[in-house]
Amino acid sequence: MLTDSEAALAEAVLLHGPITRQSLASRLGLSAGSLTRLAKPFLARGLFVEVDEAPDGLVGRPSKPLDISRGLPIYAGAKITGDMVHSVATDVRANPLRKHGVVLPDHSPTAVVSAIADAVANLGVPRIAGLGVSLGGSVSRGVIERAPFLEWRDVPLQGMLEEALGIRVTLENDLVALAEAERWFGLGKGLPGFVIITIGAGIGYALVTNNTVVRSHDAGLGLAAHVPVAAMGPRCHDGHIGCAQAMLTGEFIASATSTALGRTVDWQEALTLAHHDPAARAVMEASGQALGRLIALATNLSLQSDVVLAGEGIALFGLVEETVRATILDHRDPLASAVTLKVDDSGFDAWARGAAVIAIQSSLRRLELR
């Protein structure tokens with residue numbers, strides 16, 4: 001296992017490399033000598049490399065920036081939904097290399113394990129260093145304590161997967177995994193704090209503060225889905241009137257559009273119709289107002305003004321962006337920091353990449369130099 005100083009160095013080079021020793025020493029609060037001693041075993045193991053010399057403006061020898069070796073192994077991530085496993089292979093900086101999807105035949109743990117194994121095998125990459133798996137629900141010490149979309153309770157999925165695949169597996173709640181990916185390599189990189197809101201089959205919320213993703217039992221309960229955002233909205237499945245789930249998920253938007261039109265439409269058709277049909281557009285505008293209120297609530301209560309929007313239903317934002325932004329302004333103090341919205345429109349790929357990132361982080365923590 002790495003010491004705290006070694007882990008901080010590895011993370012800094014991974015996230016910011018190529019980076020000069022001077023910049024590293026300043027970032028980590030180390031002397032030049034201490035940095036040289038810390039970096040030496042990483043260089044000896046071939047984990048770090050020195051890239052082409054570059055002048056740093058100082059008198060003396062040109063600096064040799066440090067970077068992560070390109071020869072490091074590949075990682076895999078798998079996001080489980082109620083009907084699919086979405087998998088991705090990435091390099092050590094979570095750059096996607098290949099992806100594959102497998103339909104779940106049923107929700108039994110053995111069927112899900114088999115589907116994940118197929119999804120990873122069909123990525124067609126050798127030497128996978130670790131697999132990250134994420135899903136909506138509560139996760140603790142390799143056990144899925146609760147997963148509503150799969151109707152699971154207390155399933156030891158990590159052990160089942162490691163036995164079936166023969167590789168190290170890391171499990172995490174999907175929102176926590178996505179937040180880690182955005183914090184390390186995505187739209188939240190470099191931000192000390194931000195909020196994530198996801199739109200799709202459900203409504204998700206995650207929080208990063210002081211460069212740390214907030215983790216708790218409640219992170220896996222989907223509490224943001226039932227925040228009230230419309231006084232006269234429809235009821236969700238739990239009977240809440242006008243909550244985020246009832247106003248923003250694809251299922252409920254399609255249902256509201258169907259009612260407005262007098263015929264059944266799905267989510268994709270509802271999106272298309274909203275470009276030219278007034279009734280369909282009115283439904284989307286109401287959802288845009290609801291999304292603006294949810295963002296305003298999240299920023300007001302978290303004291304974070306940067307927001308990452310993601311999820312497979314994020315096309316809603318593109319359709320009603322002006323309404324969302326106007327509603328945010330209506331619910332923010334004029335003296336408050338301006339809300340900055342960053343949109344990750346990669347859909348399910350973002351979720352799978354998030355799972356890969358937790359595998360990368362876990363591998364980094366377990367690294368042995370001696």
Side-chain angles (χ1 to χ4, degrees), residues 70-137 139 142 144 147 149-150 152 155 157-182 184-186 198-202 204 250 267-268 310-315 344-363:
R70 294 185 179 181
L72 295 180
I74 292 169
Y75 292 83
K79 153 71 171 172
I80 310 171
T81 70
D83 55 5
M84 290 281 294
V85 173
H86 299 268
S87 67
V88 64
T90 78
D91 64 16
V92 73
R93 285 194 167 113
N95 295 305
L97 304 174
R98 297 182 184 179
K99 60 182 179 180
H100 189 75
V102 172
V103 176
L104 290 178
D106 59 68
H107 289 174
S108 67
T110 54
V112 173
V113 168
S114 178
I116 293 173
D118 287 347
V120 172
N122 279 287
L123 291 171
V125 294
R127 208 162 60 99
I128 290 176
L131 169 67
V133 177
S134 72
L135 77 171
V139 179
I144 308 299
F149 288 109
L150 298 175
W152 279 5
V155 176
L157 186 61
Q158 179 177 314
M160 296 173 67
L161 284 169
E162 289 183 339
E163 182 177 354
L165 277 66
I167 59 177
R168 192 177 289 271
V169 176
T170 306
L171 297 186
E172 188 54 272
N173 168 263
D174 54 1
L175 281 159
V176 169
L178 178 62
E180 290 288 11
E182 298 290 4
W184 268 32
F185 302 111
T198 63
I199 307 170
W267 161 243
Q268 289 298 329
E312 65 276 16
I314 199 59
D344 184 338
D345 59 3
S346 55
F348 281 113
D349 291 346
W351 294 109
R353 182 172 177 258
V357 168
I358 63 168
I360 294 168
Q361 292 176 330
S362 178
S363 178

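Along the sequence shown, residues are numbered consecutively beginning with 1. Remember, it's a predicted structure, so these values are computed and weren't measured experimentally.
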Judged by atom type as modelled, is there a donor-acceptor pair below 3.5 Å linking the side chain of [X] to the main-chain atoms of [Y]?
X: S87; Y: H100; value: yes
X: E312; Y: A201; value: yes
X: R353; Y: A94; value: yes
X: N173; Y: G137; value: yes
X: H86; Y: A78; value: no
X: T198; Y: G204; value: yes
X: S346; Y: D349; value: no

Determine whether [X] and [Y] make a side-chain contact, defined as any pair of heavy atoms from C-beta on separated by less than 4.5 Å.
X: E163; Y: V113; result: no
X: W152; Y: L157; result: yes
X: F348; Y: M84; result: no
X: I80; Y: D174; result: no

Could you pull out the closest heavy-atom pair between [X] and [Y], with the gap in Å?
X: V139; Y: L171; value: CG1-CB, 3.7 Å
X: A350; Y: D344; value: CB-OD2, 3.7 Å
X: W351; Y: L178; value: CZ3-CD2, 3.9 Å
X: I314; Y: D345; value: CG2-CA, 3.9 Å
X: A181; Y: V357; value: CB-CG2, 3.7 Å

Looking at [atom1] of [X] and [atom2] of [Y], how far apart are the two atoms once the value is rounded to the nearest 0.5 Å?
X: I167; Y: L161; atom1: CD1; atom2: CG; answer: 8.5 Å
X: L150; Y: T81; atom1: CG; atom2: OG1; answer: 8.0 Å
X: I358; Y: E180; atom1: CD1; atom2: CD; answer: 9.0 Å

Between W184 and R93, does the side-chain contact (heavy atoms from CB on, under 4.5 Å) criterion hold? Intermediate values first, please.
CA-CA 9 Å; W184 268 32; R93 285 194 167 113; over 6 Å; no
My understanding is that only residues two or more places apart in sequence, or in another chain, count here; which of them pass salt bridge (charged side-chain N to carboxylate O under 4.0 Å, His left out) with E182?
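With neighbours one apart ignored, the set is empty.
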Between Y75 and T170, is a side-chain contact (heavy atoms from CB on, under 4.5 Å) present by the stated rule, with each step listed?
CA-CA 11 Å; Y75 292 83; T170 306; over 6 Å; no
Can you confirm whether more than 12 heavy atoms, excluding those of R168, are under 6.0 Å from its CZ atom?
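Atom CZ in R168 is not crowded, with 12 or fewer foreign heavy atoms closer than 6.0 Å.
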Which atom pairs, one a donor and one an acceptor, fall under 3.5 Å between side chains of residues 121-135 and the rest of the protein, sequence neighbours left out?
residue: N122; atom: ND2; partner: D118; partner atom: O; Å: 2.7
residue: R127; atom: NH2; partner: G71; partner atom: O; Å: 3.3

Please evaluate residues T90 and V88 with respect to the criterion side-chain contact (heavy atoms from CB on, under 4.5 Å), reporting the C-alpha separation (whole Å), side-chain torsions for both, the decisive distance (0.1 Å), and the verdict.
CA-CA 6 Å; T90 78; V88 64; 4.1 Å; yes
